[in-house]
Amino acid sequence: MIDVHSHVLPEIDDGSQSLQMSLAMLQMSKEQGVEVMFLTPHFYASENDPETFLHRRAKAARILQEQMNANPSMYPKCILGAEVHYYRGIGHTKAMDLLRMGNSRYILLEPPFRRWTESFLEDVRLLRDEQNLKIIIAHIERYFDQDSSLLQELLQEPEVYIQSNAECFLSLLKRHKPLKMVKNGHIDFLGSDCHNLQKRRPNLAEGRSIIQGKIGPDSLRQIDRNSAQLVEAAKAPKRDSI
Ligand SMILES: [Fe+2]
């Protein structure tokens with residue numbers, strides 16, 4: 001199992017608030033069968049420039065890794081990433097290249113919560129076409145009330161991928177639409193988006209088992225293939241930019 005979205009790094013965002021909490025979250029994930037976890041702290045351009053963010057992220061990761069090294073078999077392998085919050089003009093920001101998932105070309109993009117406009121889609125296309133990035137749209141289920149034609153346009157964009165949180169499959173009220181999307185092949189990645197050990201705990205296995213129970217054991221095959229490819233790309237040696 002691969003978790004592509006988590007807030008496990010200690011004291012860097014509204015996720016884990018301590019090293020102990022981070023280790024417990026990782027252990028909980030490993031016990032569920034998570035082998036690889038992308039650590040994707042929130043990046044808000046209004047709070048940090050990318051270099052400052054990367055510096056803070058590296059520091060948190062170093063502290064965590066030191067502890068994990070004492071008992072590596074208790075924890076998933078971790079790959080650094082970011083959950084990049086959208087802002088207008090992001091498509092022109094060259095520094096987005098610094099916020100990729102490991103060494104891959106993928107970035108995890110958190111769309112705006114206010115009403116989407118065509119400029120959001122234009123920025124997504126710019127990130128893809130001018131910066132050669134592959135865009136993973138975070139927790140699509142939070143945007144079902146957005147303009148349906150813009151949502152459809154986004155779903156159909158090439159090199160734009162869709163991530164869903166395990167949590168929405170656990171809710172009887174919320175699961176219908178995301179299950180339909182999994183069935184139709186519109187969900188490319190799953191994540192726990194875990195923030196702590198209680199309300200937003202690691203729950204990828206629970207979400208997956210609902211999906212498998214509702215739409216069959218093969219329903220996760222393509223998602224698992226995509227996730228494995230993402231891990232391979234993230235681990236690939238860094239290419240020099242052209
Ligand atoms: Fe998140």
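Remember, it's a predicted structure, so these values are computed and weren't measured experimentally. In listed order, ligands and their atoms are each counted from 1.
- Each protein N/O/S atom under 2.8 Å from the Fe ion (ligand 1) was counted, for a total of 4.
- With ring centers used as reference points, His42 lies 6.0 Å or more from His85.
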Quiz: residues 113-124 side-chain donor-acceptor pairs under 3.5 angstrom, not counting sequence neighbours:
| residue | atom | partner | partner atom | Å |
| --- | --- | --- | --- | --- |
| Arg115 | NH2 | Asp145 | O | 3.2 |
| Trp116 | NE1 | Pro112 | O | 3.0 |
| Thr117 | OG1 | Ser119 | N | 3.4 |
| Thr117 | OG1 | Ser119 | OG | 2.8 |
| Glu118 | OE2 | Arg125 | NH1 | 3.4 |
| Asp123 | OD1 | Gly91 | N | 3.0 |
| Asp123 | OD2 | Tyr86 | OH | 2.6 |
| Asp123 | OD2 | Gly89 | N | 3.0 |

Only distances under 3.5 Å count here; give the side-chain donor-acceptor pairs of residues 180-188 to other protein atoms, sequence neighbours excluded, each with its distance to 0.1 Å.
| residue | atom | partner | partner atom | Å |
| --- | --- | --- | --- | --- |
| Asn184 | ND2 | Lys180 | O | 3.3 |
| Asp188 | OD2 | Ile162 | N | 2.8 |

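- Contacts classified as salt bridge (Lys or Arg N to Asp or Glu O under 4.0 Å) and involving residues 133-144 (residues at least two apart or in different chains) are given here: Lys134-Glu159, Arg142-Asp193.
- Looking at Leu230 and Ile136, their side chains come closer than 4.5 Å, going by heavy atoms from C-beta outward.
- What you find for Ala60 and Pro10 is that their closest heavy atoms are CB-O, 3.7 Å.
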